[in-house]
There are 2 protein chains.
Amino acid sequence: MNGKDGGEREMTRAQAPAAFEKFLRGRGLKLTRPRWVILEAALDRRDHFSADELADRLRKNPRPVSKASVYRTLALLKESGLLEEHDFGGGRKFYEQALGRTHHDHLVCIGCGQITEFQNPRIEHMQDQVTEREGFVSVFHSLKIFGYCRACRKRGVSADPQTAHLPREIVGIHGSTT
Amino acid sequence: MNGKDGGEREMTRAQAPAAFEKFLRGRGLKLTRPRWVILEAALDRRDHFSADELADRLRKNPRPVSKASVYRTLALLKESGLLEEHDFGGGRKFYEQALGRTHHDHLVCIGCGQITEFQNPRIEHMQDQVTEREGFVSVFHSLKIFGYCRACRKRGVSADPQTAHLPREIVGIHGSTT
DNA sequence: TCTGAGATTGAGACTGATTCTCAATATCAT
DNA sequence: ATGATATTGAGAATCAGTCTCAATCTCAGA
């Protein structure tokens, strides 16, 4: 799962609440109970999750949190750098933890919805060449490769590229470095 | 604008209606007036356009076409391979002509919304390496680099990456090969 | 600990793109 | 021309996400 994990990840996880509080204070914002609940819920996730799925879950909590707060707080967590936002198409955004993680791109299986991460410094480097040539300053980028994963191929799952639709549910996630 | 243009492009444009009709027939679908109107309108565009913008325009035509038909027909044009669909974020999809064009990726300026196209065979090649290594079969991919274009930089337009929002209006398009 | 200015919350209305519904209409092989 | 089917259009529905605003918290200062 993306190289060495555990120790390093746990450390950043432990630091996250303090980092978020600092971020909030720096903006004159308050650390409220709903924000805390949402932060904790987000930190508990190791996968890619959507705002409304999280909102649904938290709405049923012993300490319910409203949909509006979930959306608002996820936006703050993104701005603070604790979460990263991804758009895999399909009309909804997904979030994943960012702290202590390095940049990576995604393979998205249109058969089962599984997401596999990958890193490729050479691709990144060539992107820099492209932007430089254009006088463009890159702020962020997104590279997603859609297709069929090994498991789906084995199962014989494949469809017409034109009619294949993007998964609305992110089923799982595999990490892969290089 | 993306290499040699004109002659070749015009040829494919002339062939497009026949190609679409063939596609429709192959599916037992009919070539109706609204579909024809929408096809022509789409072929007249050289830029990236959204469905609802086109629908708005056609709704005011001497021969009005309904929003529903525009959405339905653009989907068919995409399936037929005449149009390509892009999601630049911002909650709406954009279309561009695909016939006679080669694959390319996009630089999206978050300052002015301008889209610049680029091609880089080496990046494509490395993507192949990545998918192969994962046992993944690529069906399509999307590489978008968001940032500030040369013009925006000159104008001093730049914003906090976290608060920068994606353009809802695609302002223009520049092609660039390599 | 109390207080008040100001930030935040939650319920639900709203938005905006896109899709769906379905009765009326158009298409085209025969 | 005819009829079996596909298609259309107007508006309702959907769906993620945002907004509104009165009631409610937070927290720095007294």
Side-chain angles (χ1 to χ4, degrees), chain A residues 20-39 48-61 63-79 83 85-95 163 165-170, chain B residues 20-39 48-61 63-79 83 85-95 163 165-170:
Chain A
F20 189 46
E21 184 165 15
K22 186 176 173 188
F23 167 82
L24 291 174
R25 285 187 185 282
R27 291 203 177 196
L29 303 179
K30 294 166 181 173
L31 181 49
T32 62
R33 150 167 284 296
R35 280 179 183 154
W36 183 268
V37 170
I38 295 160
L39 169 64
H48 294 71
F49 60 94
S50 67
D52 68 331
E53 183 241 311
L54 190 67
D56 258 13
R57 190 184 304 261
L58 295 183
R59 190 165 47 73
K60 295 166 190 157
N61 250 23
R63 307 257 197 179
V65 175
S66 74
K67 180 179 58 162
S69 290
V70 170
Y71 277 92
R72 287 186 290 227
T73 302
L74 287 179
L76 288 172
L77 286 167
K78 171 189 161 196
E79 285 179 51
L83 293 184
E85 187 184 81
H86 295 292
D87 188 347
F88 297 114
R92 69 172 38 165
K93 285 167 189 155
F94 285 86
Y95 294 87
T163 55
H165 55 283
L166 304 173
R168 309 267 311 159
E169 301 277 337
I170 298 299
Chain B
F20 189 47
E21 183 164 15
K22 186 176 174 188
F23 166 83
L24 291 174
R25 285 186 185 283
R27 289 204 179 194
L29 303 179
K30 295 164 180 172
L31 181 50
T32 61
R33 149 167 285 295
R35 281 179 182 153
W36 183 269
V37 169
I38 294 160
L39 169 64
H48 293 71
F49 61 94
S50 66
D52 69 331
E53 183 242 311
L54 189 68
D56 258 14
R57 191 184 304 262
L58 294 184
R59 190 165 47 74
K60 296 166 190 158
N61 251 21
R63 306 259 199 178
V65 174
S66 75
K67 183 180 54 165
S69 290
V70 171
Y71 277 91
R72 287 184 291 227
T73 302
L74 287 179
L76 288 173
L77 287 167
K78 171 189 161 195
E79 285 178 52
L83 292 185
E85 186 184 81
H86 295 293
D87 187 347
F88 298 114
R92 67 172 38 165
K93 285 167 188 155
F94 285 85
Y95 294 86
T163 54
H165 55 282
L166 305 173
R168 310 263 316 158
E169 300 276 337
I170 298 298

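Protein chains get the first letters and strands the later ones, always in sequence-line order, with residue 1 at the start of each. All of these numbers come straight from a predicted model, not from anything done at the bench.
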Which whole-number value in Å describes the distance from [X] [atom1] to [N] [atom2]?
| X | N | atom1 | atom2 | value |
| --- | --- | --- | --- | --- |
| B/Asp56 | C/dT18 | CG | P | 12 Å |
| A/Arg92 | C/dT19 | CZ | P | 15 Å |
| A/Leu39 | C/dT8 | CG | P | 15 Å |
| A/Arg27 | C/dG6 | CZ | C1' | 17 Å |
| B/Ile38 | D/dT8 | CD1 | C1' | 10 Å |
| A/Arg63 | D/dC25 | CZ | P | 12 Å |
| A/Asp87 | D/dG17 | CG | C1' | 13 Å |
| B/Leu29 | D/dT8 | CG | P | 10 Å |

Do B/Glu79 and B/Arg27 pass the side chain to side chain contact (heavy atoms under 4.5 Å, CB included) test, and can you show the C-alpha distance, the side-chain angles, and the key distance before you say yes or no? CA-CA 11 Å; B/Glu79 285 178 52; B/Arg27 289 204 179 194; 2.5 Å; yes

What's the closest nucleotide to the [X] side chain, out of [options]?
| X | options | result |
| --- | --- | --- |
| B/Lys93 | C/dG10, C/dT18, C/dA13 | C/dT18 |
| A/Ala68 | C/dG10, C/dC20, C/dT18 | C/dG10 |
| A/Ser66 | D/dT7, C/dG10, D/dT26 | C/dG10 |
| A/Val65 | C/dT8, C/dT19, C/dG10 | C/dG10 |

Position toward the 5' end of DNA chain C (nearest nucleotide), B/Asp52 or B/Pro34: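 Checking each residue's closest nucleotide, the 5'-ward one belongs to B/Asp52.
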
Roughly how far, to the nearest 0.5 Å, is the [atom2] atom of [Y] from the [atom1] atom of [X]?
| X | Y | atom1 | atom2 | result |
| --- | --- | --- | --- | --- |
| A/Leu29 | A/Phe20 | CG | CZ | 8.5 Å |
| A/Phe94 | A/Leu83 | CZ | CG | 14.0 Å |
| A/Leu77 | A/Ile38 | CG | CD1 | 8.0 Å |

Presence of donor-acceptor pair under 3.5 Å, side chain of A/Arg72 and base of C/dG10: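 Side chain to base: pair found, below 3.5 Å.
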
Does B/Lys67 make a side-chain donor-acceptor contact with the base of D/dG9, cut-off 3.5 Å?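 Check fails, no donor-acceptor contact within cut-off.
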
DNA chain D: A/Leu31 or B/Ser69, which has the more 5' nearest nucleotide?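 Its nearest nucleotide being more 5', the pick is B/Ser69.
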
B/Pro64 or B/Gly28, whichever maps to the more 5' nucleotide of DNA chain D: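 Its nearest nucleotide lies further toward 5', so the answer is B/Gly28.
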
Worked verdict on B/Val65 versus B/Val70 for side chain to side chain contact (heavy atoms under 4.5 Å, CB included): CA-CA 7 Å; B/Val65 174; B/Val70 171; 4.0 Å; yes

For [N], does OP1 or OP2 lie under 4.0 Å from any side-chain N or O of [X]?
| X | N | value |
| --- | --- | --- |
| B/Tyr71 | C/dT18 | yes |
| A/Arg35 | C/dT8 | yes |
| A/Thr32 | C/dT9 | yes |

Just to be sure I understand the rule, does B/Arg25 reach a base, reach only the sugar-phosphate, or reach nothing, if contact means heavy atoms closer than 4.0 Å?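 Touches sugar-phosphate only.
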
Please determine whether side chain to side chain contact (heavy atoms under 4.5 Å, CB included) holds for the pair B/Leu74 and B/Lys93, giving the CA-CA distance in whole Å, both sets of side-chain angles, and the decisive distance to 0.1 Å. CA-CA 11 Å; B/Leu74 287 179; B/Lys93 285 167 188 155; over 6 Å; no

Could you report the tightest heavy-atom contact between A/Leu24 and A/Lys30, atom names first, then the distance?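 For A/Leu24 and A/Lys30, the tightest heavy-atom pair comes out as CD1-O, 3.8 Å.
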
Applying the side chain to side chain donor-acceptor pair (under 3.5 Å) criterion to A/Tyr95, which one of A/Lys78, A/Glu85, A/His86, A/His48 satisfies it?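 Considering A/Lys78, A/Glu85, A/His86, A/His48, a side chain to side chain donor-acceptor pair (under 3.5 Å) with A/Tyr95 is found only for A/Glu85.
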
Protein-nucleotides 2-5 of chain D N/O pairs closer than 3.5 Å?
residue: D/dT5; atom: O2; partner: B/Lys30; partner atom: NZ; Å: 2.6

